[in-house]
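Below is one structure, written out as structure tokens, with a few remarks after it.
Counting starts at 1 for both ligands and their atoms, following the listed order. Numbers for residues simply follow the sequence, beginning at 1.
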Amino acid sequence: MPLASEGSIFQQPLIAGGKGDCVPLFQHPATAMPSEFDLIGRYFSRNSPSALLGVGDDGALVQPRADMSLVVSTDMLLEGRHFLPGTDPKRLGHKSLAVNLSDLAAMGADARWALLAIALPEANEAWVAGFAKGFFALADVYGVDLIGGDTTRGPLAISVTIMGEVPPNLALRRDAARAGDDIWLSGATGEAALGLAHIQGRVKLAAADLAQCMTRLDLPEPRLELGARLRGIARSAIDVSDGLLADLTHILQSSGVAADVYLESVPCAAALASCPDPVLARDCQLAGGDDYELLFTAPSHCRAEIDALSQELNLALTRIGSIIPGEPLVTVRDASGQPVPVAHRGFDHFG
Ligand code: ADP
Ligand code: MG
């Protein structure tokens, strides 16, 4: 959607102010810079067998399968806010899609279609090629088709809209937790935030721990298979993007319940266990964010089924607490049941 009424982003945007301070970069005959449409054609137009009509028209046409509801979600990644300047484009392509797929996982949905809106400071073809490689490698794993998007010039920003399908009565929602439910967590939280802390000079990690933390930060694995298998088992779910306690609180607020979390039950990832700063490690574990694990609640009669699912998926699923009646607050408790003070609870862009 160009700002000017006619033509493309290469023309002077209406908001440029007429001072010539906004020179179009994408299309420069002397340097044969690729155009917007070159980039779309070369890097973002692929077959989309699951759509009736994909990239290339004014809109895509999709048909959800019979008796399935469409689940739609969007997440934006801004340079300097969600990722560091200079982040490897391939990793960024992966992460842009992964964080969106994680939202589908948290709804218990099957992933189907994606739209990609991207603002680029310049038409750097090598960068776009790397980004597309990371994006499509992950899309292929989950059978997601890219069916459209928008490409424009501007400060580096990426917004993916993801669509999936779920039987409407089996969607995993935030508002369905009940007192008596167990609280479960997939994998372990904290390593992504610890990797970021290292980059920011707040801690110095050993090389192997750093590599692990950077993988967790840059290449999150959306828990789609788990989400789909939790249909009919989990009562509520959310993916952990803002921090374990913050995201649990979102479930509590939506469901109108409280929670106890047992600190010694919360899984401790290897890099956190060997972190030279245990206070920071605890903060990352409980409030770090960027984990993209699933946090879900389920009735206690489902324990054996969830343990079996953990075995089958080869993914740790750990019972970390209980839903209780009360105001929507999390109480973190030690081994003797005493409340533990918690410094940070999670991330808020405006907090
Ligand atoms: P319009 O002017 O109708 O909005 P565009 O010129 O923006 O269309 O885009 C042309 C086609 O390319 C559309 O089908 C659009 O969905 C698709 N498209 C644009 N950018 C991307 C992108 N980054 N990834 C995938 N598809 C894209
Ligand atoms: Mg457009």
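- Taking all heavy atoms of Leu115, Thr151, Leu39 into account, the minimum distance to atom 23 (N) of ligand 1 is reached by Thr151.
- Cluster annotation: Leu248 is connected to Leu286 through the hydrophobic network of ILVMFWY side chains, with a link wherever side-chain heavy atoms come within less than 4.5 Å.
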Checking salt bridge (Lys or Arg N to Asp or Glu O under 4.0 Å) for the pair Glu122/Arg153: CA distance, chi angles, key distance, verdict? CA-CA 7 Å; Glu122 55 175 0; Arg153 184 177 164 223; over 6 Å; no
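- Taking any N or O of Gly54, backbone or side chain, none lies under 3.5 Å from an N or O belonging to ligand 1.
- Under 4.0 Å is where a charged nitrogen must lie from a carboxylate oxygen, and between Lys90 and Asp88 no such pair does.
- Of the listed options Asp57, Asp58, Leu53, Asp57 places a heavy atom closest to atom 13 (C) of ligand 1.
- In Ile40, the part holding a heavy atom less than 4.0 Å from any atom of ligand 1 is the side chain.
- The Gly56 neighbourhood of ligand 1 comprises atoms 11 (C), 13 (C), 14 (O), with distances under 4.0 Å to a heavy atom of that residue.
- Residue pairs meeting the salt bridge (Lys or Arg N to Asp or Glu O under 4.0 Å) criterion with at least one member in residues 278-302, sequence neighbours excluded, are Lys95-Asp290, Arg216-Glu293, Arg223-Glu293.
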Side-chain donor-acceptor contacts of residues 129-143 below 3.5 Å, not counting sequence neighbours, with atom names and distances?
unit_1 : atom_1 : unit_2 : atom_2 : d
Asp140 : OD1    : Arg46  : NH2    : 2.8
Tyr142 : OH     : Pro222 : O      : 3.3

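- Shown in contact with Leu146 at under 4.0 Å from a heavy atom are these atoms of ligand 1, numbered in order with element: 24 (N), 25 (C).
- With a 4.0 Å heavy-atom cut-off, ligand 1 is reached by no atom of Ile147.
- The main-chain N or O of Leu53 is never found under 3.5 Å from a side-chain atom of Asp57 such that the two would form a donor-acceptor pair.
- Inclusion of Phe37 in the set of residues having an N or O under 3.5 Å from an N or O of ligand 1 is not warranted.
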